[in-house]
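Note sheet for the following structure.
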Number of protein chains: 2
Amino acid sequence: MNKAKKAKLEKKGWKLGSADEFLGLSAEEAAYVEMKLALSEKLKEKRVRKKLTQAELARMTNSSQSRIAKMEAGDPTVSIDLLVKSLLALGVSKKELGRSISQEIAGTI
Amino acid sequence: MNKAKKAKLEKKGWKLGSADEFLGLSAEEAAYVEMKLALSEKLKEKRVRKKLTQAELARMTNSSQSRIAKMEAGDPTVSIDLLVKSLLALGVSKKELGRSISQEIAGTI
DNA sequence: TGACAATATGTCAGTTCTGACATATCATAC
DNA sequence: GTATGATATGTCAGAACTGACATATTGTCA
């Protein structure tokens, strides 16, 4: 994970430890953050493709528009659990979910 | 998901809604539970393969022996986040994690 | 058998996540 | 312009999760 990316994440509110590796983010931390961001992007992509508003998806999942917005924005207060439940509610299969998680993000590590 | 499996999970403490589908568990609920169980099993498998005790893994992850035990037992109070973080700490790659999540469990759905 | 290490189970106070709400910003149409 | 719908941001009380601890159970030696 490069320095610019780390700075961008910290601006978003992520608290990233440092000093483990070359640019201050352990491989595990990086993988964890990247997974969550991949799920965020998948969620937005799926919702938009289905032509749902955030408010509509919120209703479908007993959540709220603001939490959906935070999920899509990659807010660090959102759990993987919530992202996964939301994606499943959008009809994403376990297989597709697994693929999203495996995904490498350009420009990292 | 069949009736016996559902009963077994409920005995473990899972609160599963009902009435959505044929045997009372929506496809999304089933997929969510199966994902967590797949991660549980992966965790145990990885820990054992590395010849670590639960207490040792707990130390490595700033957790506790009892929580590791609950993770491996598929306890519903364990989050996917914690499972994922623990697996990453054991050196599992995003790719392998994704594969675990995609996995179909014999005898379900 | 008993002693010991590992794992399982139960509980709980502190922490984190959540939905809800208010409000701000952005986009598109008129 | 400004009205309207959608999305973003900030806050917070209540819900869910967590590590820690105590204790029970299980497994494996001699």
Side-chain angles (χ1 to χ4, degrees), chain A residues 7-17 28-29 32-33 35-37 39-90, chain B residues 7-17 28-29 32-33 35-37 39-90:
Chain A
K8 194 176 160 196
L9 288 172
E10 286 177 338
K11 183 151 173 288
K12 275 193 180 178
W14 289 90
K15 286 207 196 74
L16 302 171
E28 296 101 80
E29 269 187 312
Y32 176 73
V33 172
M35 275 182 45
K36 283 179 74 165
L37 294 180
L39 294 175
S40 288
E41 286 166 25
K42 191 81 179 174
L43 183 70
K44 175 151 197 175
E45 175 200 320
K46 279 287 167 183
R47 177 184 62 79
V48 170
R49 194 186 302 281
K50 291 207 164 197
K51 297 196 202 300
L52 294 168
T53 66
Q54 292 181 342
E56 285 166 339
L57 177 55
R59 239 171 287 131
M60 289 167 55
T61 57
N62 297 321
S63 183
S64 62
Q65 179 269 325
S66 58
R67 191 131 297 270
I68 306 284
K70 286 182 226 294
M71 280 197 244
E72 292 183 357
D75 188 294
T77 74
V78 174
S79 70
I80 293 184
D81 291 73
L82 190 64
L83 283 161
V84 164
K85 284 180 185 171
S86 304
L87 282 163
L88 291 173
L90 278 171
Chain B
K8 193 176 160 197
L9 289 171
E10 286 177 337
K11 181 149 176 289
K12 275 191 179 179
W14 289 91
K15 287 207 195 75
L16 302 172
E28 296 101 80
E29 268 187 311
Y32 176 73
V33 172
M35 275 181 45
K36 284 180 74 166
L37 294 180
L39 294 174
S40 289
E41 286 166 25
K42 191 81 180 174
L43 182 71
K44 175 151 199 176
E45 175 200 319
K46 279 286 165 182
R47 177 183 64 79
V48 170
R49 193 186 304 280
K50 290 206 164 194
K51 298 196 203 297
L52 295 168
T53 65
Q54 292 181 342
E56 285 166 339
L57 177 57
R59 240 171 285 130
M60 289 167 56
T61 57
N62 298 322
S63 184
S64 62
Q65 179 269 325
S66 58
R67 192 131 297 271
I68 306 284
K70 285 181 227 296
M71 279 197 247
E72 292 183 357
D75 188 294
T77 73
V78 174
S79 70
I80 293 184
D81 291 71
L82 190 63
L83 284 161
V84 164
K85 283 180 184 169
S86 304
L87 282 163
L88 292 172
L90 277 171

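Hydrogens, waters and symmetry mates are skipped; everything else that's a heavy atom, side chains included, is used. Since we're looking at a predicted model, the values are computed, not measured. Chain letters run A, B, ... following the sequence lines, proteins first, then strands; residues in each count from 1.
In this entry the distance linking CD1 of Ile68(A) with C1' of dT9(D) reads 15 Å, nearest Å. Computed from coordinates, the Asn62(A) CG to dG19(C) P distance equals 8 Å when rounded to whole Å. Per the geometry, CG belonging to Leu57(B) stands 16 Å off C1' belonging to dA8(C), to the nearest Å. Atoms CG (Leu83(B)) and P (dA16(D)) sit 18 Å apart, rounded to a whole Å. Rounded to an integer number of Å, the gap from Arg59(A) CZ to dT18(C) P is 20 Å. Between Lys70(A) atom NZ and dC21(C) atom P the separation is 14 Å, expressed in whole Å. Note: CD (Gln54(B)) to P (dG19(D)) measures 14 Å, nearest angstrom. Rounded to a whole Å, the NZ atom of Lys36(B) is 10 Å from the C1' atom of dA16(D).
Here the side chain of Trp14(B) pairs a donor or acceptor atom with the backbone of Gly74(B) at under 3.5 angstrom. Side-chain atoms of Ser40(A) come within 3.5 Å of backbone atoms of Met71(A) as a donor-acceptor pair (strictly under, hydrogens ignored).
Nucleic acid contact for Asp81(B): none, since no nucleic acid atom lies under 4.0 Å from a heavy atom of the residue. Within 4.0 Å (heavy atoms only), Asp75(B) reaches no atom of the nucleic acid at all. Among the atoms of the strands shown, only primed sugar atoms or phosphate atoms (P, OP1, OP2) are found under 4.0 Å from some heavy atom of Arg47(B). Within the 4.0 angstrom heavy-atom criterion, only backbone atoms of the sugar-phosphate kind lie near Leu82(A); the bases stay farther away.
At a threshold of 4.5 Å between non-hydrogen side-chain atoms, the residues Gln65(A) and Leu57(A) do not count as touching. With a 4.5 Å cut-off on side-chain heavy atoms, Asp81(A) and Lys36(B) count as touching.
For the pair Thr53(B) and Lys85(B), nearest-nucleotide mapping onto DNA chain C gives the more 5' position to Thr53(B). For the pair Ser66(B) and Ser79(B), both in contact range of DNA chain D, the more 5′-proximal nearest nucleotide belongs to Ser79(B).
Checked options Lys44(B), Arg67(B), Arg59(B), Glu72(B); the residue passing with Gln54(B) is Glu72(B) (criterion: side-chain hydrogen bond (donor to acceptor under 3.5 Å, both in side chains)).
Side-chain proximity of Glu72(A) to dA8(D), dA20(D), dT18(D): nearest is dA8(D).
Taking side-chain N and O atoms only, Arg67(A) has no distance below 4.0 Å to OP1 or OP2 of dC21(C). The phosphate of dA20(C) (OP1 or OP2) has no side-chain N or O of Gln65(A) nearer than 4.0 angstrom.
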